[in-house]
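All residue numbers in this chain count up from 1 along the given sequence.
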Amino acid sequence: MDTYNRSIIGLKSRSNGEYFERMIMAASRFYEDRGIAVIDKTPEAFKVIKPYNRDRGQFICCFTQQAQPDFKGALMDSTMVLFDAKHTDKGQISRNVVTEEQEECFERYMKMGAMCFLVISLEFEEFYRVPWIVFRDMKKIYGHKYMNREELAPYRVKYNNGVVKYLDGITLRERNEDESTEV
């Protein structure tokens with residue numbers, strides 16, 4: 001494949017990824033408006049190298065560290081959540097879409113009791129919430145380093161009225177009680 005085609009594919013992938021992140025941010029506002037969760041996009045760490053076009057607020061920059069998972073927040077029961085949004089135009093998602101930095105972050109937060117997962121889009125048609133431990137251990141669980149539609153099926157979440165319901169079905173702890181409730 002020539003450089004031009006790779007460049008076009010890269011631009012399309014970035015554009016789709018950004019669009020999916022905007023879908024997740026819209027869903028996060030939906031949950032916050034209902035008092036269920038507060039979820040924020042994790043800002044990318046970068047430093048400005050020099051101005052490019054001051055009038056338009058443009059500059060040349062570089063990333064100072066690899067990206068962490070895309071979103072962090074808390075559920076109404078004080079459970080911390082950490083997750084990454086991954087989109088693919090294929091019928092499966094590969095294990096290698098999670099960077100080493102993201103893996104380390106998931107593991108650190110999981111040790112502190114955070115709920116860690118990936119929200120996955122297959123072709124903007126199907127959406128899934130896959131627990132980090134399942135995604136991390138897919139080779140051991142499924143025998144290969146990808147998950148296809150059949151393997152993702154138990155983790156499917158609904159998409160209704162323009163909202164990816166990525167938190168639906170999570171069991172919340174009741175405050176000051178032993179019982180729990182579902183989102």
Side-chain angles (χ1 to χ4, degrees), residues 9-10 13-14 16-25 27-28 31 36-45 63 65-159 163-174 178 180-183:
I9 290 169
S13 292
R14 275 190 296 285
N16 284 343
E18 290 171 4
Y19 179 73
F20 185 46
E21 285 183 356
R22 286 192 302 276
M23 290 175 73
I24 298 296
M25 289 186 282
S28 297
Y31 286 119
I36 294 168
V38 174
I39 308 287
D40 293 311
K41 171 85 173 85
T42 304
E44 300 289 341
F63 292 105
Q65 66 183 34
Q66 283 201 317
Q68 294 185 12
D70 294 322
F71 296 92
K72 297 176 183 169
L75 304 180
M76 63 189 289
D77 68 351
S78 301
T79 299
M80 169 74 178
V81 293
L82 176 75
F83 64 96
D84 201 59
K86 298 293 183 189
H87 169 78
T88 182
D89 289 321
K90 300 175 184 170
Q92 64 186 32
I93 187 87
S94 297
R95 172 64 176 82
N96 66 2
V97 297
V98 175
T99 67
E100 192 174 310
E101 169 75 21
Q102 290 170 326
E103 282 186 42
E104 291 170 8
C105 197
F106 278 132
E107 294 296 327
R108 285 179 31 240
Y109 276 76
M110 210 168 55
K111 285 180 184 174
M112 297 302 296
M115 183 179 296
C116 300
F117 52 90
L118 285 89
V119 178
I120 298 169
S121 161
L122 295 186
E123 305 171 291
F124 293 118
E125 294 175 7
E126 298 171 11
F127 303 93
Y128 307 89
R129 181 187 63 242
V130 180
W132 165 242
I133 57 172
V134 172
F135 198 85
R136 178 192 68 194
D137 297 340
M138 68 172 66
K139 171 79 171 149
K140 197 182 321 177
I141 297 168
Y142 304 110
H144 41 79
K145 291 186 174 184
Y146 63 87
M147 292 178 75
N148 58 35
R149 280 186 164 87
E150 182 181 328
E151 293 154 346
L152 288 165
Y155 308 105
R156 189 159 183 182
V157 294
K158 293 178 182 169
Y159 178 72
V163 177
V164 177
K165 304 280 184 90
Y166 69 87
L167 291 179
D168 283 17
I170 290 177
T171 302
L172 301 173
R173 297 183 309 246
E174 290 287 334
D178 289 340
S180 58
T181 188
E182 196 171 281
V183 174

Chemist: Would you say Lys86's side chain and Val97's backbone share a donor-acceptor pair under 3.5 angstrom?
Modeler: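 At least one qualifying donor-acceptor pair exists.
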
Chemist: Side chains of Met138 and Ile141: does their closest heavy-atom pair fall under 4.5 Å?
Modeler: no

Chemist: Are any of the side-chain heavy atoms of Arg129 and Met115 separated by less than 4.5 Å?
Modeler: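 A side-chain contact is absent here, since even the closest heavy-atom pair is not under 4.5 Å.
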
Chemist: Working to the nearest 0.5 angstrom, can you tell me the gap between Glu104 CD and Thr99 OG1?
Modeler: 8.5 Å

Chemist: Evaluate the criterion side chain to side chain contact (heavy atoms under 4.5 Å, CB included) for residue pair Glu107 and Trp132; output intermediate values, then yes/no.
Modeler: CA-CA 9 Å; Glu107 294 296 327; Trp132 165 242; 2.7 Å; yes

Chemist: Atom CE in Met80, atom SG in Cys116: separation rounded to 0.5 Å?
Modeler: 8.0 Å

Chemist: Please check if the side chain of Ser94 supplies one atom and the backbone of Asn96 the other of a donor-acceptor pair under 3.5 Å.
Modeler: no

Chemist: Can you see which heavy atom on Gly91 is nearest to which on Leu122, and at what distance?
Modeler: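 The pair with the smallest heavy-atom distance is O-CD1, 3.9 Å.
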
Chemist: Looking only at non-hydrogen atoms, find the nearest pair between Leu82 and Cys105 and report the distance.
Modeler: CD2-O, 3.8 Å

Chemist: For the residue pair Phe20 and His87, categorise the inter-ring angle as parallel (less than 30°), tilted (30 to 60°) or perpendicular (more than 60°).
Modeler: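 Tilted: the ring planes of Phe20 and His87 meet at 30° to 60°.
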
Chemist: Give a yes or no on whether Ile133 atom CD1 has more than 12 heavy-atom contacts from other residues, nucleotides or ligands under 6.0 Å away.
Modeler: no

Chemist: Is the Tyr155-Phe117 ring centre distance short of 6.0 angstrom?
Modeler: no

Chemist: Check Lys41 with Asp70, please: is the shortest side-chain N to carboxylate O separation under 4.0 Å?
Modeler: yes

Chemist: Atom CE of Met23 and atom CZ of Phe124: how far apart are they, to the nearest 0.5 Å?
Modeler: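 One gets 6.5 Å once the value is rounded to the nearest 0.5 Å.
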
Chemist: How about Ile120 and Met147: do any of their side-chain heavy atoms sit closer than 4.5 Å?
Modeler: no

Chemist: Compare every heavy atom of Lys165 with every heavy atom of Val157, then report the nearest pair and how far apart it is.
Modeler: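 Nearest pair, atom of Val157 first, then Lys165: CB-O, 3.6 Å.
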
Chemist: Hey, could you give me the CZ/NE2 distance between Arg95 and His144, rounded to the nearest 0.5 Å?
Modeler: 14.0 Å

Chemist: What about the rings of Phe106 and Phe135, do their centers lie closer together than 6.0 Å?
Modeler: no

Chemist: Measure the spacing between CE of Met25 and CD1 of Ile39 and express it to the nearest 0.5 Å.
Modeler: 13.0 Å

Chemist: Does any non-hydrogen side-chain atom of Arg108 lie less than 4.5 Å from one of Met112?
Modeler: no

Chemist: Among Tyr31, Phe71, Phe127, Tyr128, which residue meets the side chain to side chain contact (heavy atoms under 4.5 Å, CB included) test with Tyr166?
Modeler: Tyr31

Chemist: At what distance, to the nearest 0.5 angstrom, does CD of Glu151 lie from CZ of Arg149?
Modeler: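 The CZ atom of Arg149 is 12.5 Å from CD of Glu151, to the nearest 0.5 Å.
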
Chemist: For a quick test of reading the model, state the closest non-hydrogen atom pair linking Asp84 to Pro69 and the distance between them.
Modeler: OD1-CA, 3.3 Å

Chemist: Run the side chain to side chain contact (heavy atoms under 4.5 Å, CB included) test on Tyr146 and Ile93 for me, step by step, so that the C-alpha distance in whole Å, both residues' side-chain angles and the decisive distance to 0.1 Å come before the verdict.
Modeler: CA-CA 5 Å; Tyr146 63 87; Ile93 187 87; over 6 Å; no

